[in-house]
Amino acid sequence: MPVLVAGLDQTTGAVQSDIRSDLSRRLDSMERDSSWQSWPSFHGARWQAYQMLNELRKAGKLQVGALSGSP
């Protein structure tokens, strides 16, 4: 996740758009299914990834929930 987040600011065009879409889908998925936050499934790296994605959303770099056709 840290590499993808860093890549968001180091790329442009279609590559940046693809990374942004992927990260948005990941955050959307984590928010729709929060079972990963319960103690049997909890993992520090997953929590850290969620925090990174949430910060990107707060900075206006990700739009979650507005994706069409997301699974």
Next on the checklist: For the CG atom of Leu62 and the OG atom of Ser21, what is their distance to the nearest 0.5 Å?
Outcome noted: 9.5 Å
Item to check | Point-to-point distance, once rounded to the nearest 0.5 Å, from CG of Leu4 to CG of Leu56 | outcome: 10.5 Å
Checklist entry - For Arg25, does its backbone N or O pair with a side-chain atom of Ser29 as donor and acceptor, under 3.5 Å? => result no
Next on the checklist: Among residues at least two apart in sequence or on other chains, which ones pass side-chain contact (heavy atoms from CB on, under 4.5 Å) with Ser41?
Outcome noted: Ser38, Arg46
Checklist entry - Residues two or more places apart in sequence or in another chain: which of them pass side-chain hydrogen bond (donor to acceptor under 3.5 Å, both in side chains) with Asp18? => result none
Checklist entry - Under the side-chain contact (heavy atoms from CB on, under 4.5 Å) test, which residues partner Thr11, sequence neighbours left out? => result Val15, Gln16, Ile19
Checklist entry - Which pairs, with at least one residue in residues 1-11 and sequence neighbours excluded, count as a salt bridge (charged side-chain N to carboxylate O under 4.0 Å, His left out)? => result Asp9-Lys61
Next on the checklist: I'd like to check Arg20 versus Gln63 (side-chain heavy atoms, cut-off strictly below 4.5 Å). Are they in contact?
Outcome noted: no
Checklist entry - Between Trp36 and Met30, is there a donor-acceptor pair closer than 3.5 Å when you use the side chain of the first and the backbone of the second? => result yes
Item to check | Residues forming a side-chain hydrogen bond (donor to acceptor under 3.5 Å, both in side chains) with Thr12, sequence neighbours excluded | outcome: none
Item to check | Minimal non-hydrogen separation, Phe42 against Gln37, with atom names | outcome: CD1-O, 4.1 Å
Donor-acceptor list for residues 48-55 side chains, cut-off 3.5 Å, not counting sequence neighbours:
from	atom 1	to	atom 2	distance (Å)
Tyr50	OH	Glu31	OE2	3.2
Asn54	OD1	Arg57	NE	3.4
Asn54	OD1	Arg57	NH2	2.6

